[in-house]
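The block underneath contains the structure these notes are about, expressed in structure tokens.
Not measured: the values here are computed from a predicted model. Residue numbering restarts at 1 for every chain, and letters A, B, ... go by the order of the sequence lines.
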Protein chains: 2
Amino acid sequence: MSAELWLAQLHENGYRLTDARRAVVETVEKSNRALTPVEVYDMARKKYRALGLVTVYRTLEKLEELHLIQRVHQPMGCQAFISAGEGHQHLLLCQNCGQVAFFEGDDLDVLTKSIAKKTGYQISEHWLQLFGLCAKCRAN
Amino acid sequence: MSAELWLAQLHENGYRLTDARRAVVETVEKSNRALTPVEVYDMARKKYRALGLVTVYRTLEKLEELHLIQRVHQPMGCQAFISAGEGHQHLLLCQNCGQVAFFEGDDLDVLTKSIAKKTGYQISEHWLQLFGLCAKCRAN
DNA sequence: TTTGTTATTGAAAACCATTATCAATAAGTA
DNA sequence: TACTTATTGATAATGGTTTTCAATAACAAA
Ligand SMILES: [Mn+2]
Ligand SMILES: [Mn+2]
Ligand SMILES: [Zn+2]
Ligand SMILES: [Zn+2]
């Protein structure tokens, strides 16, 4: 996914293309770690100086609505966003630098069926997230 | 774990036993769903009318510090707390009534080793949470 | 291209959950 | 019983997020 595709998605959904949105989209789309609204603001303002923090919030809201980004929950806080993975994917986060890697192929069917039987719950969703150190941070 | 044990833990750690803390502890300990500070406040005030919201925050802070409660992350928000499970356990949440069940026995070793190999990350922790409908809510 | 409509914008104010301050109180101890 | 000081609730402060609003600019239509 490129920033252009995100902008196209916005446009297709009736949203206008503005310099503010372009700056936010380009910032968030290319990041390999989760960014908070203020972080997006600081970074995007280098591309478009007049940008307001309020617009960052509003743009993130729309990107989330279109499933182009997703909120990242972490021990330190749950206000950061990153490009959404495609299909059924989960996150692997570096506890040192915050770099995010996606992974797929987790098979929880056996587990969920067992838990469903034990608890009587009907299980329909799961959250799975791994934490560790990325290759680069492991080296240091 | 009973409320008395929680209070004993607090006492052992040098904290004084007060009516405010008793009310908060009894409320949180017996709940089978995650409660926000305001929810705790409203419920605990039925046991101890003079209770202040600030004290609820402060008591929750201490209970979390002693690992007697844990924060629960949910799509709607991440400000709620519930009794901590013992040992390595995860949560199963009812999307309708919020009832929480603990489960254990998840084995992610194969998965994490595979992901570690693929990504170069050294994986040290994981978050796993299941969502669904509890037996009662499924019936309705 | 020009015009008109209206979505979008940033500044400012409002909001609200959480945290800090502080003097009064009461838990625990001797 | 008296003393020390942790704890308390009221109040104020904080800081992140949302709302308000008039000016602007995207973009469809002429
Ligand atoms: Mn999965
Ligand atoms: Mn586990
Ligand atoms: Zn790293
Ligand atoms: Zn339920």
Side-chain angles (χ1 to χ4, degrees), chain A residues 3-4 6-28 34-66 69 71-81, chain B residues 3-4 6-28 34-66 69 71-81:
Chain A
E4 283 69 34
W6 288 25
L7 292 168
Q9 285 266 358
L10 282 168
H11 204 201
E12 280 168 32
N13 285 79
Y15 295 118
R16 295 180 181 176
L17 299 186
T18 66
D19 288 343
R21 283 177 181 161
R22 269 185 271 268
V24 170
V25 163
E26 278 166 26
T27 299
V28 176
L35 301 175
T36 63
V38 173
E39 285 175 327
V40 172
Y41 175 66
D42 290 336
M43 295 169 72
R45 242 157 64 90
K46 289 173 184 157
K47 301 171 192 290
Y48 180 62
R49 256 301 149 64
L51 179 64
L53 177 57
V54 180
T55 299
V56 173
Y57 276 98
R58 289 189 283 225
T59 304
L60 290 175
E61 195 174 45
K62 286 171 181 60
L63 293 176
E64 189 181 22
E65 183 185 306
L66 296 177
I69 62 173
R71 183 179 297 269
V72 177
H73 297 259
Q74 286 177 273
M76 45 189 301
C78 306
Q79 277 65 50
F81 294 87
Chain B
E4 283 70 34
W6 288 25
L7 292 168
Q9 285 265 357
L10 283 169
H11 203 199
E12 280 168 31
N13 284 79
Y15 296 118
R16 294 180 180 176
L17 299 186
T18 66
D19 287 344
R21 284 177 179 160
R22 268 185 274 268
V24 170
V25 163
E26 279 166 23
T27 299
V28 175
L35 301 175
T36 64
V38 173
E39 284 175 328
V40 172
Y41 175 64
D42 290 336
M43 295 169 72
R45 242 158 63 90
K46 288 172 184 157
K47 301 173 191 291
Y48 180 61
R49 257 296 148 67
L51 180 65
L53 177 57
V54 179
T55 299
V56 173
Y57 277 98
R58 289 189 283 226
T59 304
L60 290 175
E61 194 175 45
K62 284 171 182 59
L63 293 176
E64 188 180 24
E65 183 185 305
L66 296 177
I69 62 174
R71 183 179 298 270
V72 177
H73 298 259
Q74 286 177 273
M76 46 190 298
C78 307
Q79 277 66 49
F81 294 87

Quiz item: For A/Leu51 and C/dT9, what is the distance between atoms CG and P respectively, to the nearest whole Å?
Solution: 9 Å
Practice problem: Between A/Leu53 and B/Leu53, name the one whose nearest nucleotide on DNA chain C is closer to the 5' end. | Solution: A/Leu53
Quiz item: Given atom CG of B/Leu10 and atom P of C/dA27, what is their separation to the nearest angstrom?
Solution: 15 Å
Self-check item: Distance, rounded to the nearest Å, where B/Arg71 contributes CZ and C/dA17 contributes C1'
Solution: 12 Å
Self-check item: Pairs meeting criterion salt bridge (charged side-chain N to carboxylate O under 4.0 Å, His left out) with involvement of residues 46-65 of chain A, two or more places apart
Solution: none
Quiz item: Are any of the side-chain heavy atoms of A/Trp6 and A/Leu66 separated by less than 4.5 Å?
Solution: no
Enumerate, atom names and distances included, each donor-acceptor pair closer than 3.5 Å involving a side-chain atom of residues 71-79 of chain B, sequence neighbours excluded.
from: B/Arg71; atom 1: NH1; to: B/Cys78; atom 2: O; distance (Å): 2.9

Quiz item: Are A/Leu10 and A/Leu7 close enough that some pair of their side-chain heavy atoms sits under 4.5 Å apart?
Solution: yes
Quiz item: Between atom CG in B/Asp42 and atom C1' in C/dA17, what is the gap in whole Å?
Solution: 14 Å
Self-check item: salt bridge (Lys or Arg N to Asp or Glu O under 4.0 Å) involving B/Asp42 - partner list, sequence neighbours excluded
Solution: none
Extract from the structure each pairing of a protein N or O with an N or O of nucleotides 1-4 of chain C at less than 3.5 Å, listing the distance.
none

Quiz prompt | Distance, rounded to the nearest Å, where B/Leu7 contributes CG and D/dT7 contributes P | solution = 13 Å
Quiz item: On DNA chain D, nearest-nucleotide positions of B/Arg21 versus B/Val54: which is more 5'?
Solution: B/Arg21
Exercise. Could you check whether B/Tyr41 gets within reach of a base, just the sugar-phosphate, or nothing at all, counting any heavy atom under 4.0 Å?
Key: nothing
Quiz item: Any side-chain heavy atom of A/Asp19 sitting closer than 4.5 Å to one from A/Arg22?
Solution: yes
Practice problem: To the nearest Å, give me how far apart CE (B/Met76) and P (C/dA17) are. | Solution: 13 Å
Could you pull out the protein-nucleic contacts involving nucleotides 26-30 of chain D (nitrogen or oxygen on both sides, under 3.5 Å)?
from: D/dA26; atom 1: N3; to: A/Arg16; atom 2: NH1; distance (Å): 3.0
from: D/dC27; atom 1: OP1; to: A/His11; atom 2: NE2; distance (Å): 3.4
from: D/dC27; atom 1: OP1; to: A/Leu17; atom 2: N; distance (Å): 2.8

Practice problem: Sequence neighbours left out, what passes salt bridge (Lys or Arg N to Asp or Glu O under 4.0 Å) with B/Glu26? Give chain and number order. | Solution: none
Quiz prompt | C/dA7 OP1/OP2 closer than 4.0 Å to side-chain N/O of A/Arg58 | solution = no
Quiz prompt | Rounded interatomic separation in angstrom, taking CG from B/Leu60 and P from D/dT8 | solution = 12 Å
Exercise. Starting at atom CD of B/Gln79, determine the distance to atom C1' of C/dC16, rounded to an integer number of angstrom.
Key: 12 Å
Quiz item: Do the side chain of B/Thr55 and the main chain of B/Leu51 share a donor and acceptor less than 3.5 angstrom apart?
Solution: no
Practice problem: Would you confirm whether B/Arg21, through its side chain, and B/Arg16, through its main-chain N or O, come within 3.5 Å as a donor-acceptor pair? | Solution: yes
